[in-house]
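Right, one structure below, let's go through it.
All heavy atoms count here, side chains included; hydrogens, waters and symmetry mates do not.
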Amino acid sequence: MLTVVRILAILFFLPFPKTAPDDSGTASVMVTVEDKKASSPLQGAVVKIPEYGLWAVTDEKGRAVIRKVPDGKVKLECSILGYVTSELTVAVPGPEVRLKMEEQSFSIEDVVVVATRDKNAESTISKIGRQAIDHLQATSVTDLLQLLPGNIVTSNPSLTTPSAFTNRTLDKYDSNNAFGASVMIDGVPVSNNADMNTKGGVHSTAGGGVDLRSIGTDDIESVEIVRGIPSAEYGDMSSGALIINSRAGISDLKLKAKIFPGVRQFYAGKGFKAGRAGSLNVNLDYADGKSDPRYTTDTYLRALASVLWTVNAGRNASFTTRLSTTNVRDWSGADPSEVVRDVWKSTRENGFTLTHSGKFSTPLFLLRNLKYDLSFSWKRSDSFTRTLVTGGQPLIDSRTEGTFEATMLPRQYYGEGGTIGIPMNGFAKIGDSFNLNTRSGRFKNRFNLGAEYRFDGNVGPGFTNANPALPLQTSPYRARAFKDIPFLHQIAAYAEDNFSISLSGSGEFPRIKGQAGVRWAMIQPGMGEQMSSLSPRLNISFSPFGKLSFRAGYGISEKVPSLLMLYPDVSWLDLMNVNASKGDKYLGVYTTRIFEHAPKDLRPMRSEKVELGVDFSLWKGSSFSLIAWRDDVSDGFSSRNDEWIPVVFNRWAASSVTEEGGVLVYDKVHPTVVDTTLFCNSRMSNTDVHVSKGVEFDFNLGKIRATGTSLFLSGAWAETEYWSSNEVYEEPRGSSDTYRKILFIYPAGARKNLNRSMTASLRVVQSIPAIAFVVSGTIQASLYNYSKNRIDIETPVAWQDAEGRHPVTAAQLADPSAVLLHGYSLADNIYPKGAYSDRAESWPSLWTVNLRVTKEVSRRFNLSFYVNNLLFSQPWQSSSISSTKVEKNSNFFSFGFEISLNL
Amino acid sequence: MKKSILIFAAAAAFAGAVVLSSCERKEIATIPEVTVQVNLPEGFSSSAVYSGEVSLTDKATGKVKTVKAENSVAVFKKVPYGAYTVTASASLTNEEFKAQAPEISASVTAGISLNSNPVDAVLSSNEDASEPIVVNVAWSIPSSLVISRIYNFGTLKLDNKAYNIDKYIEIYNNSSETQYVDGLYLGEAYGSIVSASPYANIATGNFCYVQRVVRIPGNGTQYPVEPGKSIVIAQNAKNHIDAEVITNTVDLSGADFECYVEGALASQFPSDNADVPNIEEVFGANKNAARFFGGQGTVPVLFRMTETLFTALNAVLAPGTDAYGDAYAYYCKPIAASDILDAVDGFRVGFENRGGPHVPAVVDASGALFNQKNITLRKIAYYTPDGRAVLQDTNNSSKDFVIVESTNDDASILVPRKYDVPQIQPGYTAE
């Protein structure tokens with residue numbers, strides 16, 4: 001043990017080197033970081049060489065050293081809380097670098113209030129910094145997404161509607177895209193895999209994405225959005241990743257208040273100095289919202305607290321521990337003036353997340369950058385509803401198979417019930433990176449390896465009715481305890497090479513850069529549900545010279561099913577045998593059948609992404625990025641409907657019910673009808689298909705120095721087509737059978753939806769550093785909005801009855817009117833192509849202007865203001881297939897302000 | 001001072017003159033004379049003339065001008081410019097019918113009605129009235145069995161939430177002989193009561209398209225209905241009144257038939273009354289179509305035909321419903337006007353001008369009104385000496401029916417078989 005401590009001490013507390021070069025083609029890079037104005041040393045600044053993944057933290061003298069940096073030119077990046085990230089290229093070996101850091105302020109020349117492309121990453125990543133977040137006056141992370149190419153603002157800031165991160169889809173109901181999006185805070189995923197609260201409450205996010213409302217924005221330093229092919233380091237995701245980096249470091253006490261229509265938010269945060277080389281950031285966030293400020297019918301309240309403790313052990317080891325708590329109250333209910341007042345829906349969430357991360361930068365060849373993350377989160381979600389239920393129906397609630405008597409529910413009653421879920425998630429990861437370069441420096445590699453373990457479980461009691469005799473729902477819903485459901489375990493490993501090949505002798509351009517990796521994952525190892533996946537990912541770029549780069553990418557990402565998908569409840573089938581009333585007497589008898597419901601052949605949802613792009617610069621300060629992409633999710637989560645079970649049951653007509661001794665009785669031996677019905681035992685599967693493609697452009701047109709005006713033009717053309725790979729089962733035309741006897745089967749993909757859109761945003765940012773003032777106007781346009789619902793149910797391929805599935809033969813199709821199946825003519829079930837089955841709908845373009853203003857009144861006092869839909873554009877438009885005019889942007893206008901104090 | 005008073009008086013006089021002149025009645029542009037030519041149907045002799053009423057309804061204001069035709073011509077004087085609907089409606093006794101149409105009246109023993117389909121006329125200049133407006137009337141025989149009251153929208157509970165499982169339809173024996181309702185079909189005409197039927201020219205056609213059909217069971221003589229008596233077909237044959245939940249409803253436990261369907265939605269058909277026989281569901285235009293009584297404000301069509309004929313009737317595609325070319329299309333059964341005993345076309349209150357006809361004019365020339373919390377009642381034409389109410393049946397529902405609102409304080413209007421409310425008494429004129 002003592003030896004280990006000694007080694008660590010040697011590794012992380014090495015004295016500052018006296019000479020930079022060493023004898024192996026590498027050298028140490030020595031950096032001194034100072035405040036630009038005060039020229040005082042800055043402790044705790046992180047100095048990085050992203051190309052090699054090397055880093056160091058400055059000591060009390062503002063000095064950092066990165067050892068064993070390969071010879072050549074490298075880009076150095078330095079960041080510290082409250083300062084503008086600084087970048088410069090240095091020669092290795094070379095003299096000591098002195099970095100002057102400029103304090104983050106709206107009085108500096110280059111204020112960045114838009115999303116920028118992460119140039120250090122091979123993947124397509126948009127980065128949004130603190131100043132952009134402040135200028136945008138974001139209340140939740142959702143608000144930040146408007147800065148991405150192709151995204152435009154279409155609604156006012158709101159906290160009463162859940163919102164999840166979706167990436168590159170035009171299907172606004174694409175829950176798989178939201179579920180497949182990874183949200184990470186400080187490298188640790190926020191998991192929604194164990195959310196099982198589907199019943200009761202205001203909204204359910206089970207099976208969908210993480211509700212971003214519960215993440216505050218004021219303790220965030222930056223957000224990265226992975227839109228393209230992610231690094232192999234990121235797993236359990238299929239659509240994209242939202243990476244949130246918290247503010248860490250010493251800072252003033254910051255107080256903020258936002259007042260928007262329907263939203264109030266307050267924040268207090270400070271970064272204390274903790275110990276010799278550490279900091280303790282404390283953040284408190286409170287927000288409440290109403291759907292309409294005039295009413296109290298929909299309210300949302302959020303109280304967040306977090307403590308982030310950062311310890312820099314020497315210059316090459318850093319540890320952070322974060323404890324965050326979440327407290328959310330989401331409520332909707334009747335207005336006090338309503339006749340029925342005491343009805344409501346309520347969701348309460350209380351939880352905490354404890355994370356601990358460590359990273360070490362060592363000179364050892366295979367352990368250049370060693371890191372680990374540990375996380376545990378726990379949450380209790382109470383989703384309850386109280387409503388006035390119209391009863392007067394039989395109560396069906398048996399929990400076992402058999403025949404039971406039903407009681408008649410009261411005509412009307414207050415039903416109350418809901419779900420208590422206690423999801424918990426664990427995460428552990430260890431990663432390492434090291435470099436392997438040729439001596440000439442023309443071929444550079446940074447290998448990135450790691451392994452992960454995650455678990456997701458739910459130990460909540462599940463659904464309960466406050467009074468089982470007066471259930472919340474009249475349709476049968478059986479409760480089950482979540483704690484009986486096994487935990488979901490995942491193990492994963494990844495390996496990735498970030499390489500750079502220079503095709504010239506200078507070690508510079510032409511140059512090929514890339515990131516090639518593979519990720520292996522397995523869920524439920526050793527269990528019956530075990531499944532594994534292999535996800536290769538490649539991003540590669542070719543730069544003939546510094547201002548031009550072509551890039552391409554291909555990658556597969558996989559998202560594991562949630563607990564609900566993997567362990568659904570059994571299927572319940574309730575059939576009424578007797579349902580008779582006579583005067584005020586009632587006799588209800590029903591049969592309950594239970595069917596095993598576990599998924600069959602369920603696989604992780606797989607997304608196959610392809611990207612082609614070009615980046616170039618035409619003049620100083622400009623950058624142009626054009627990306628064509630395709631995202632193919634051919635096996636999204638959805639249930640399959642091809643298992644039909646014939647169920648025989650007895651029915652007694654009401655007329656056969658007699659009264660004996662004051663009660664209704666029936667002849668149990670002689671039913672009126674022995675009936676059969678086909679029951680669809682649907683199972684969770686991979687039948688959802690979403691294929692999206694598009695072209696995104698993101699142009700930074702540069703800054704007009706004379707006026708300080710910057711222009712940014714971004715947008716996207718995109719298309720999403722989606723359908724189910726299930727065959728279509730239809731009851732026969734003219735069927736009046738309540739209990740199905742026959743179904744005609746039409747080919748898979750008979751119903752398809754296609755959406756296309758073209759959007760563009762022109763951002764004009766006017767910065768006046770002299771008065772610390774920034775104003776940005778966004779002209780955004782939905783230029784093209786097209787949708788088509790394609791329905792091709794024409795000729796059945798088969799039919800299903802109690803005996804099974806029967807193909808429709810060519811001979812039958814030759815004379816379909818001669819084919820009678822259970823009394824239904826085949827000819828009647830061959831449908832002509834509809835007049836509108838390929839009819840498309842498109843809308844005229846829609847333009848809006850949004851304004852954001854930030855004024856730094858003094859170093860301690862900031863004021864921001866925003867107006868959405870500044871010109872109050874609410875045009876009446878009609879689509880291409882209807883002359884009815886619809887008011888667009890009807891609720892889209894709002895304004896608000898934010899005050900920020902630094903004490 | 002005097003001067004001031006004089007000036008004030010002069011100013012007041014001037015102001016008064018201005019006010020008076022501005023109040024002067026402005027002359028509204030009118031057409032001096034509008035002529036309507038009424039053509040009698042085929043089978044009437046060439047000497048026969050139409051002598052019934054002709055009405056001109058202002059589409060904008062709803063005002064109706066009615067004149068009596070002479071020699072098949074009706075003349076309206078001083079008709080303000082506007083858009084109008086022209087209709088003609090008359091009743092002939094059996095003797096008058098036989099005299100005017102000897103070829104077609106031989107087997108008819110009752111009086112008949114003459115009704116036109118509505119004709120649109122835009123009168124915006126004198127030239128528009130240079131030619132007579134031509135209206136064709138069709139004849140129909142008043143039915144022995146008529147739909148006498150329609151409660152097809154449901155009501156509101158005490159908490160102001162909708163309650164719509166208490167619907168019913170009453171069928172009345174309007175003849176002097178016992179009628180049997182065994183095997184009678186009751187259908188719902190295709191289309192919405194807030195818009196025109198998608199079937200073009202349905203008013204001038206001879207078919208009514210039904211989307212849901214039920215049939216009264218029976219062996220032919222199982223369910224007799226005495227003259228002046230009625231049967232009630234209930235969605236749910238139970239007492240819907242519950243003092244704590246809903247009072248603006250009706251006790252239907254004594255209904256003659258119930259529309260319970262095995263396995264149907266428990267919220268719409270909670271239980272089967274063992275004491276009330278079920279009406280049989282025989283046709284649905286689409287698997288997704290609601291059950292009979294499942295919809296609100298539907299147009300009832302009463303018809304009779306053999307089961308074999310009904311089964312053999314090919315359902316036809318409802319216009320526009322094949323938009324998506326799949327199983328969601330609606331296929332309706334065309335019922336010939338000659339098989340229809342009675343139909344009550346209707347519009348939701350407030351949609352009188354937007355809802356077009358849903359049945360041929362020969363079956364019903366105009367529509368009654370339907371609405372939530374309201375019942376639509378057929379008027380009493382007269383009482384026979386033995387006290388039997390004979391209901392008005394001119395196949396012109398806007399005239400034959402009244403709509404009456406029910407309230408939580410007094411829901412007595414909803415009680416079936418109730419013929420003592422003033423609104424449907426002879427001589428009562430609705431506002």
Side-chain angles (χ1 to χ4, degrees), chain A residues 338-340 388 390-394 396 408 410-412 474-475 575-576 578-584 586-588 651 653-659 664 673 675 677 728 730-739 744 746 750-751 789 791-794 828-829 831-837 839, chain B residues 157-163 165 212-214 236-242 244-246 253 258 260-278 280-289 291-292 314-315 317 320-331 333:
Chain A
E338 293 269 345
V339 176
V340 179
L388 190 61
T390 300
Q393 305 170 32
I396 293 171
M408 185 59 92
R411 184 78 62 88
Q412 184 170 278
T474 53
S475 55
L575 294 158
M576 288 306 293
V578 187
N579 188 23
S581 57
K582 214 172 169 62
D584 59 353
Y586 171 73
L587 176 64
R651 283 199 283 120
S655 54
S656 70
V657 172
T658 54
E659 190 172 346
L664 300 184
V673 183
D675 212 341
T677 188
V728 177
E730 291 285 356
E731 287 170 49
R733 164 143 74 89
S735 163
S736 59
D737 291 335
T738 303
Y739 300 109
F744 285 95
Y746 299 85
R751 294 198 179 101
N789 297 323
I791 300 180
D792 278 337
I793 296 178
E794 291 174 49
D828 279 353
N829 291 283
Y831 295 96
K833 199 176 179 78
Y836 303 156
S837 63
R839 196 165 170 186
Chain B
K157 295 186 292 179
L158 293 172
D159 62 5
N160 268 339
K161 298 276 169 25
Y163 183 82
I165 63 169
R212 284 177 285 270
V213 182
V214 291
N236 288 289
K238 66 175 187 176
N239 184 1
H240 293 271
I241 301 164
D242 182 329
E244 293 188 354
V245 178
I246 179 170
S253 55
E258 187 180 34
Y260 179 79
V261 182
E262 285 288 347
L265 270 181
S267 57
Q268 289 193 345
F269 303 94
S271 67
D272 188 0
N273 187 335
D275 294 329
V276 179
N278 287 333
E280 298 165 4
E281 189 179 59
V282 291
F283 177 73
N286 177 285
K287 67 185 176 61
N288 295 312
R291 301 285 179 185
F292 196 86
N314 271 332
L317 183 70
T321 63
D322 64 336
Y324 300 108
D326 73 348
Y328 288 94
Y330 274 63
Y331 289 84
K333 290 237 181 189

Given a strict heavy-atom distance threshold of 4.5 Å, which part of B:Asn239 is in contact with chain A: side chain, backbone, both, or neither?
backbone
State the OG-CG distance between A:Ser581 and B:Asn236, to the nearest 0.5 angstrom.
8.5 Å
Just by distance, no angles: are the side chains of A:Asp828 and B:Tyr331 close enough, under 3.5 Å, to form a donor-acceptor pair?
no
When B:Lys161, B:Lys238, B:His240 are compared by non-hydrogen pairs under 4.5 Å with chain A, the top option
B:His240
Verdict with reasoning, A:Gln412 to B:Asp242, per side-chain contact (heavy atoms from CB on, under 4.5 Å)
CA-CA 10 Å; A:Gln412 184 170 278; B:Asp242 182 329; over 6 Å; no
Can A:Thr390 and B:Lys157 be said to form a side-chain hydrogen bond (donor to acceptor under 3.5 Å, both in side chains), step by step?
CA-CA 10 Å; A:Thr390 300; B:Lys157 295 186 292 179; 3.0 Å; yes
Looking at chain A, which one of B:Ser267, B:Ala315, B:Ser271 has the largest number of heavy-atom pairs inside 4.5 Å, strictly under?
B:Ser271
Which pair of heavy atoms, one from B:Ala274 and one from A:Lys582, lies closest together, and at what distance?
CB-CG, 4.1 Å
The interface call for A:Leu575 against chain B, heavy-atom contacts under 4.5 Å, is neither
Side chain, backbone, both or neither: which part of B:Asn160 has an atom under 4.5 Å from a heavy atom of chain A?
side chain
Here the gap from A:Tyr586 atom OH to B:Asp272 atom CG, rounded to the nearest 0.5 Å, amounts to 10.0 Å
Can you give me the closest heavy-atom contact between B:Ile246 and A:Arg411, atom names plus distance?
CG2-NH1, 4.0 Å
